[in-house]
Amino acid sequence: MTEPENRLLPFAYGTPRCRGVIRHTPEDFVVDEIPLLEADGEGEHLLLHVEKRDSNTAWVAGVLARFAGVPRMDVSYAGLKDRHAVTRQWFSIRLTGKPEPDWDAIGSGEFRVLQTARHSRKLRVGALKGNRFSIRVRAFEGDEAALDATLQRIAHEGIPNYFGEQRFGTDDANLAAARALFSGELKRVKREQRGFYLSAARSLLFNKVLAARVDAGNWNRPLAGERMMLNGTRSSFPAAAVDDEISRRHREMDIHPSGPLWGRGEAMVTAEVAELESAVLLPERFWCEGLEGFGLQMERRALRVPVSDLVWSRQGDLLELDFSLPKGCFATALLRECVDYRQSLSLDPLRESST
């Protein structure tokens with residue numbers, strides 16, 4: 001069995017000198033969604049703040065739809081959340097002409113509705129600021145001084161914006177399915193599953209480009225020909241040269257270098273960056289052509305992500321970390337930089353946590 005993709009990635013701050021176990025119980029991995037907007041108090045949509053435990057977001061959405069007596073398409077959420085965790089996130093349900101159900105009677109041991117509020121619009125995917133994480137690392141051991149030094153640097157310099165192992169599935173099962181899909185061996189696939197497979201292939205290529213830049217020591221330094229991403233957004237602009245203004249904004253975490261989310265269209269980078277990405281992706285034509293064949297369009301993603309409100313403490317062999325990340329970023333990308341962790345719970349090969 002080959003090593004999972006996330007274990008092959010280089011570290012920005014050196015190989016971790018600490019070890020531990022995560023997800024011993026779902027309560028060891030707590031995620032709180034940071035909403036983008038507040039409910040406006042009226043309209044045909046009902047927002048539900050839901051706490052779920054050891055269950056996936058899409059399944060919860062289906063249960064909510066059946067209980068409310070509405071089509072599944074009338075239930076939406078801002079982002080998928082970890083299955084093997086305790087997570088709190090928002091859903092919306094279109095209840096045109098229907099009475100509001102008694103959510104206390106839903107009868108599910110896997111989740112509960114914490115509060116509800118009326119809203120005039122459907123909750124769209126990506127409509128959140130980010131996520132707040134509270135993570136326990138059990139059986140912790142190692143060099144605590146090295147841990148403190150790494151976390152101090154992370155708080156000030158950010159982390160490589162790697163896609164985490166959730167995106168690839170257990171033993172890279174999503175990548176295996178994507179390979180079968182691109183080669184024509186896998187033909188009849190549900191839309192949701194196909195989306196997971198395509199995302200895994202895209203994430204693989206992005207991680208390879210980012211890994212090359214981490215190896216080169218320039219993942220957090222703009223190069224000539226960059227496409228710079230505005231912090232916390234999907235907006236970007238070309239930077240043919242790195243002038244004082246680009247350097248200042250980069251230093252202040254206002255902008256970040258980017259890498260490709262592969263698809264059809266122009267690469268959007270030139271000069272040194274174009275040469276680097278071309279060299280990394282030249283051996284990956286199978287994945288690139290597969291993504292283009294399914295009609296995905298070229299996009300960019302920040303190579304660096306800032307970490308907010310990072311605090312940590314240790315009691316005996318228990319390490320606790322609290323921090324916030326922008327939407328689309330993985331808590332395991334931070335954890336892997338400071339702790340050589342192993343998972344207590346297996347990951348569902350079709351589930352991911354990225355938003």
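- Atom CZ of R248 has more than 12 heavy atoms from other residues, nucleotides or ligands within 6.0 Å.
- A 6.0 Å sphere centred on CG of D244 holds no more than 12 heavy atoms belonging to other residues, nucleotides or ligands.
- To the nearest 0.5 angstrom, L319 atom CG is 13.0 Å from R19 atom CZ.
- Contact check on E272 versus R221 returns no salt bridge, with no Lys/Arg side-chain nitrogen under 4.0 Å from an Asp/Glu carboxylate oxygen.
- Side-chain heavy atoms closer than 4.5 Å link hydrophobic residues (I, L, V, M, F, W, Y) into clusters, and following such links, even through other members, never connects M268 to V242.
- Inspection of the K81 and T57 side chains reveals no N or O donor paired with an N or O acceptor under 3.5 Å.
- At a threshold of 4.5 Å between side-chain heavy atoms, the hydrophobic network of Ile, Leu, Val, Met, Phe, Trp and Tyr places L181 and L205 in one connected group.
- In this structure, G79 and E33 approach most closely via the heavy-atom pair N-OE2, 4.0 Å.
- M228 and V269 are assigned to two separate hydrophobic clusters, defined by single-linkage of ILVMFWY side chains at heavy-atom distances under 4.5 Å.
- S313 and E320 share no donor-acceptor pair across their side chains, judged by distance under 3.5 Å alone.
- Side-chain contact, E110 with W59: no donor N or O sits under 3.5 Å from an acceptor N or O.
- The residues R118 and E42 are annotated as not salt-bridged, no charged nitrogen and carboxylate oxygen being separated by less than 4.0 angstrom.
- Cation-pi geometry between R301 and F206 is met: under 6.0 angstrom from the ring centre, within 45 degrees of the axis.
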R304 vs E226, test: salt bridge (Lys or Arg N to Asp or Glu O under 4.0 Å). Steps then yes/no.
CA-CA 13 Å; R304 177 183 68 168; E226 293 279 10; over 6 Å; no
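- Looking at R285 and E292, a side-chain N of the basic residue comes within less than 4.0 Å of a carboxylate O on the acidic one, giving a salt bridge.
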Between E299 and R202, is the salt bridge (Lys or Arg N to Asp or Glu O under 4.0 Å) condition met? List the steps.
CA-CA 10 Å; E299 299 177 79; R202 251 185 162 186; 3.0 Å; yes
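- The side-chain tip of R53 does not point at the ring of F111 from less than 6.0 angstrom away and within 45° of straight on.
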Please report the C-alpha distance between D340 and R17 in whole Å, then the side-chain angles of each, then the deciding distance to 0.1 Å, and finally whether the salt bridge (Lys or Arg N to Asp or Glu O under 4.0 Å) criterion is met.
CA-CA 7 Å; D340 180 13; R17 292 156 65 180; over 6 Å; no
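- Residue H49 forms a ring pair (Phe, Tyr, Trp, His ring centres under 6.0 Å) with just one option from W90, F91, W103, and that option is W90.
- Under a cut-off of 6.0 angstrom, the local environment of CZ in R138 is crowded, with over 12 non-hydrogen atoms contributed by other residues, nucleotides or ligands.
- Minimum interatomic distance between W219 and G158 (heavy atoms only, all atoms of both residues): CH2-O, 3.9 Å.
- No hydrogens or angles considered: nothing links the side chains of R264 and Q297 as a donor-acceptor pair under 3.5 Å.
- Around the CD atom of Q315, the shell of radius 6.0 Å holds no more than 12 heavy atoms that belong to other residues, nucleotides or ligands.
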